[in-house]
Amino acid sequence: MPELPEVETVRRGLEALVLGAVIRRIALHRADLRRPMPLDLESRIVDQPITALRRRAKYLLLDTPAGTILSHLGMTGTWRVAEAERSHDHATLHLADGRRLVYRDPRRFGILDFVAPGAVSPDLADLGPEPLGNDFTPEHLRQVLAARRQAIKAVLLDQTVVSGVGNIYAQEACFRAGIRPQRPANRLRPAERERLVTEVRAVLAEAITAGGSTISDFRQAGGDAGYFQHTFTVYDRAGQSCRTCGGELKGATIAGRSTVWCPTCQR
DNA sequence: CTCCTATCCTGCGAGC
DNA sequence: TGCTCGCAGGATAGGA
């Protein structure tokens with residue numbers, strides 16, 4: 001679930017809660033996530049203040065003077081300032097003020113890693129432009145889509161094309177842009193590329209304003225649910241009626257992921 | 001290169 | 001109530 005808006009929501013929540021807090025020590029409970037956590041993370045970050053909370057694509061970065069903790073939430077990852085311990089808590093950051101900042105990920109598709117000061121993480125090296133930044137433009141799409149015959153929705157999921165879009169927002173953006181998700185990416189007309197850029201940005205921005213989307217277990221860092229899921233137009237609505245034209249929404253698998261669209265509103 | 005499939009893992013809802 | 005089955009937000013390796 002955690003796509004860009006959810007990660008940004010968590011970032012903002014953590015910023016309000018723990019910016020400036022001192023990490024007294026880190027305890028790793030289980031290191032075998034999508035790839036093994038570095039076991040020396042515990043020794044690298046000791047008595048370090050959290051100087052910034054950053055996001056790049058779907059990655060959340062906790063900066064300290066001794067280095068950066070890089071995290072990816074995968075499908076089910078969460079950061080929370082913990083009340084009680086829960087199953088699947090994989091790492092606990094014990095803060096000097098007595099609070100505990102916990103990384104939890106039941107499905108273990110996430111990542112927790114250490115990045116030395118000044119180093120560039122390989123995880124971030126090949127990411128495409130931030131969709132809400134200045135580099136995500138119709139011209140960028142034109143260049144990058146030219147050689148791609150794949151379905152446009154599949155291409156939007158490619159993090160080297162544009163970073164941070166996942167299965168939910170790719171579908172929502174296609175609907176808003178009036179483009180069928182299975183259209184070959186290199187066949188979009190200029191006006192459609194322009195519209196797609198506009199709508200990717202808009203849907204992500206609106207979702208951030210709504211505190212992200214809460215599906216199953218996503219929570220903001222303070223424990224609140226997001227509420228953008230109430231405004232989904234197509235995601236998980238196959239067989240239901242289109243909110244725009246009233247017609248029946250269709251569903252199919254594209255790029256191995258479930259996909260819903262409106263045959264009338266999307267061409 | 002591009003593109004497709006299988007895979008990692010746990011939890012949950014649907015259906016029986 | 002309890003079981004099995006299929007599917008889920010992501011990303012990558014391997015092969016065609």
Side-chain angles (χ1 to χ4, degrees), chain A residues 1-11 29-37 55-60 70-79 86-90 103-113 121-128 131 143-174 181-187 200 203-204 207-208 210-220 225-232 234-239 251-260:
Chain A
M1 161 235 327
E3 302 182 28
L4 186 153
E6 288 72 39
V7 179
E8 177 61 20
T9 296
V10 170
R11 189 200 68 78
H29 314 301
R30 169 157 201 173
D32 56 332
L33 302 185
R34 189 165 91 220
R35 65 169 186 251
M37 284 186 220
R55 180 191 59 74
R56 174 73 173 100
K58 300 173 191 173
Y59 291 86
L60 184 67
L70 173 147
S71 70
H72 191 294
L73 301 180
M75 296 263 219
T76 55
T78 54
W79 278 104
R86 299 186 64 183
S87 58
H88 310 298
D89 285 352
H90 301 316
Y103 177 83
R104 176 175 190 264
D105 182 14
R107 213 168 151 187
R108 307 214 312 274
F109 280 9
I111 291 172
L112 213 57
D113 209 345
S121 165
D123 291 316
L124 308 182
D126 296 329
L127 291 171
Q143 291 177 17
V144 137
L145 301 189
R148 300 278 216 134
R149 280 175 286 192
Q150 221 179 348
I152 182 61
K153 184 247 181 175
V155 176
L156 287 176
L157 297 179
D158 183 337
Q159 301 298 297
T160 68
V161 169
V162 57
S163 61
V165 177
N167 197 38
I168 294 177
Y169 296 106
Q171 293 172 63
E172 294 296 317
C174 284
Q182 52 276 81
R183 285 273 301 284
N186 61 352
R187 301 262 293 278
V200 164
V203 73
L204 295 176
I208 290 171
S213 302
T214 290
I215 299 166
S216 78
D217 50 7
F218 172 73
R219 286 293 180 279
Q220 302 180 23
Y227 56 90
F228 192 73
Q229 66 276 12
H230 302 303
T231 63
F232 287 157
V234 287
Y235 170 76
D236 200 29
R237 296 192 69 239
T253 297
I254 298 176
R257 317 297 297 277
S258 68
T259 307
V260 182

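Chain A is the first sequence line, chain B the second, and so forth, proteins listed ahead of strands; every chain is numbered from 1.
Consecutive Watson-Crick or G-U pairing (both distances under 3.5 Å) extending over three or more pairs maps onto DNA chain B as B:2-8 with C:10-16, B:10-16 with C:2-8.
The base of B/dC9 is paired with the side chain of A/R107 by a donor and an acceptor separated by under 3.5 Å.
We find that OH of A/Y59 is positioned 8 Å from C1' of C/dA11, with the value rounded to whole Å. Residue A/L156 contributes atom CG, which lies 12 Å from atom P of C/dG10 at whole-angstrom precision. Atom pair A/I254:CD1 and B/dC4:C1' shows a separation of 14 Å (rounding to whole Å applied). Atom-to-atom, CG of A/D236 to P of B/dC12 comes out at 16 Å; the value is rounded to the nearest Å. Look at CD1 on A/I168: it is 10 Å from C1' on C/dA8, rounded to the nearest Å. One atom, CG of A/L157, and another, C1' of B/dC3, lie 14 Å apart when rounded to the nearest Å. Atom CG in A/L33 sits about 16 Å away from atom C1' in C/dT12, given to the nearest Å. As a whole-Å value, the separation of A/D32 CG from B/dC8 C1' is 11 Å.
Nearest-nucleotide positions on DNA chain B for A/A147 and A/S87 put A/A147 closer to the 5' end.
Judged by ring centres under 5.5 Å apart and planes tilted less than 30 degrees, A/F109 stacks against the six-membered base ring of C/dG10.
The side chain of A/Q150 places no N or O atom within less than 4.0 Å of a non-bridging phosphate oxygen (OP1 or OP2) of B/dT2. Between A/S258 and C/dA8 there is a side-chain N or O to OP1 or OP2 distance below 4.0 Å. A close approach under 4.0 Å does not occur between any side-chain nitrogen or oxygen of A/H88 and OP1 or OP2 of B/dC9.
Using a 4.5 Å heavy-atom threshold, the side chains of A/R55 and A/L4 count as touching. For the pair A/K58 and A/S163, the minimum side-chain heavy-atom distance is 4.5 Å or more. Between A/L33 and A/H90, some side-chain heavy-atom pair lies under the 4.5 Å cut-off.
Classification of the A/Y59-A/H72 ring pair by plane angle, with boundaries at 30° and 60°, yields perpendicular.
A salt bridge links A/D113 with A/R35; the closest basic N to acidic carboxylate O contact falls under 4.0 Å.
Residue A/R149 is in sugar-phosphate contact alone, with no base atom involved, counting any heavy-atom pair closer than 4.0 Å across all strands shown. Residue A/G256 is classed as having no contact, given no heavy-atom separation below 4.0 Å to the nucleic acid.
Applying the ring pair (Phe, Tyr, Trp, His ring centres under 6.0 Å) test to A/Y235 and every residue at least two apart in sequence or in another chain returns A/F232. By the side chain to side chain donor-acceptor pair (under 3.5 Å) test, A/R148 pairs with A/Q150, A/D158, sequence neighbours left out.
Comparing the P positions of B/dC9 and C/dC3 gives a spacing of 24 Å, expressed to the nearest Å.
Here the nucleotide nearest the side chain of A/Q159, chosen from B/dT10, C/dA11, C/dG10, is C/dA11.
Expressed to the nearest 0.5 Å, how far NE2 of A/H88 lies from CZ of A/R30 amounts to 8.5 Å.
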